[in-house]
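Below is one structure, written out as structure tokens, with a few remarks after it.
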Amino acid sequence: MPVKAAPADEHIQRILSLSEAACRSEEMEYRELHSGENSNVQKTLSFVAEGTRLLCESIRLDAEVARLSGEQERLRAEAVRLEDAWQSAHRINPTKFPDLEGRDASQRRLLSDAEQIGRTVLVLSNVQNDLKGEASRILNLASDEFDLLSNQDAELLLASLDDEDSHDVIIRLLKRRIARV
């Protein structure tokens with residue numbers, strides 16, 4: 001029988017499937033969810049909101065990585081196109097299109113720019129992985145904090161939520177917590 005994913009892991013997967021705008025909207029819902037005086041509830045909800053914010057940043061970086069990867073490929077393709085054009089022209093008329101030193105400066109510059117973009121993509125991918133890791137750590141911390149809520153606080157928070165998917169992680173954490181008591 002397959003092992004059921006932890007609420008934090010399910011939340012991460014669901015959030016990462018959203019657009020950045022939908023993610024930001026959900027982040028704001030978590031931030032505005034409970035405006036009561038109870039600091040324990042506020043603390044747990046702030047962990048969920050912060051974990052969600054980090055996931056939104058990861059989604060934003062994913063879009064930037066995709067854009068930069070496309071630009072990197074475009075630059076490489078342009079360098080190949082220029083080299084192929086020169087090779088073809090040189091074969092047809094080597095006198096008019098001699099192999100002079102520096103004749104491929106544009107191609108080298110394009111490839112250099114593509115390499116720099118590739119390095120940037122690697123850095124952004126590493127940052128993205130760090131964001132996901134930190135979001136997971138914070139959401140697991142939120143899970144621990146939910147376990148520390150008093151029965152009254154847990155039931156109060158659960159009663160204030162509807163069963164919308166947007167609050168799925170909180171609802172599952174609270175139901176799990178109440179079931180243990």
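When a residue number appears, it is its place in the shown sequence, counting from 1.
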Test question: given the 4.5 Å side-chain rule for I, L, V, M, F, W and Y, name all other residues clustered with Phe97, or answer none.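 So far as hydrophobic clustering goes, Phe97 is joined with Trp86.
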
Spacing of CD1 belonging to Ile12 relative to OG belonging to Ser136, to within rounding of 0.5 Å: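 Between Ile12 CD1 and Ser136 OG, I get 4.0 Å after rounding to 0.5 Å.
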
Measure the OG-CG distance between Ser58 and Asn129 for me, rounded to the nearest 0.5 Å.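 Spacing of OG (Ser58) from CG (Asn129) equals 7.5 Å.
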
Does anything in [range] pair up under salt bridge (Lys or Arg N to Asp or Glu O under 4.0 Å), and if so which pairs, sequence neighbours excluded?
range            : result
residues 58-70   : Glu57-Arg60, Glu64-Arg67
residues 112-123 : Arg109-Asp113
residues 90-100  : Asp99-Arg103

Quick one: disulfide (SG to SG under 2.5 Å) pairs with a partner in residues 55-116, sequence neighbours left out?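 Disulfide (SG to SG under 2.5 Å) check on residues 55-116 returns Cys23-Cys56.
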
Which pairs with one or both residues in residues 60-104 pass disulfide (SG to SG under 2.5 Å), sequence neighbours excluded?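 Of all non-adjacent pairs touching residues 60-104, none passes disulfide (SG to SG under 2.5 Å).
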
Any side-chain heavy-atom pair from [X] and [Y] closer than 4.5 angstrom?
X      : Y     : result
Leu124 : Leu68 : yes
Glu29  : Arg24 : no
Leu139 : Leu55 : yes

With sequence neighbours excluded, residues passing side chain to side chain donor-acceptor pair (under 3.5 Å) with [X]:
X      : value
Asp84  : none
Gln107 : Glu83
Arg137 : Glu134
Thr52  : His11

Would you confirm whether Gln128, through its side chain, and Leu61, through its main-chain N or O, come within 3.5 Å as a donor-acceptor pair?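 Here the side-chain-to-backbone pair does not exist.
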
Check the hydrophobic clustering (I, L, V, M, F, W, Y; side-chain heavy atoms under 4.5 Å; chains of links allowed) and say if Val121 and Leu75 are grouped together.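 They do share one cluster, since a chain of ILVMFWY contacts under 4.5 Å joins Val121 to Leu75.
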
Those residues that, when tested against Ser106, pass side-chain contact (heavy atoms from CB on, under 4.5 Å) (two or more places apart):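 In terms of side-chain contact (heavy atoms from CB on, under 4.5 Å), with neighbours along the sequence ignored, Ser106 is linked to Leu82.
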
Any residue meeting side-chain contact (heavy atoms from CB on, under 4.5 Å) with Ser19, in chain and number order, not counting sequence neighbours: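 Result, side-chain contact (heavy atoms from CB on, under 4.5 Å) vs Ser19: Ala21, Ala22.
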
Is any NZ, NE, NH1 or NH2 atom of the basic residue among Glu26 and Arg14 found under 4.0 Å from an Asp or Glu carboxylate oxygen of the other?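 Salt bridge flag = yes for Arg14 with Glu26.
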
What are the two closest heavy atoms between Arg76 and Ala114, and how far apart are they?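 Taking every non-hydrogen atom into account, CG-CB, 3.8 Å.
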
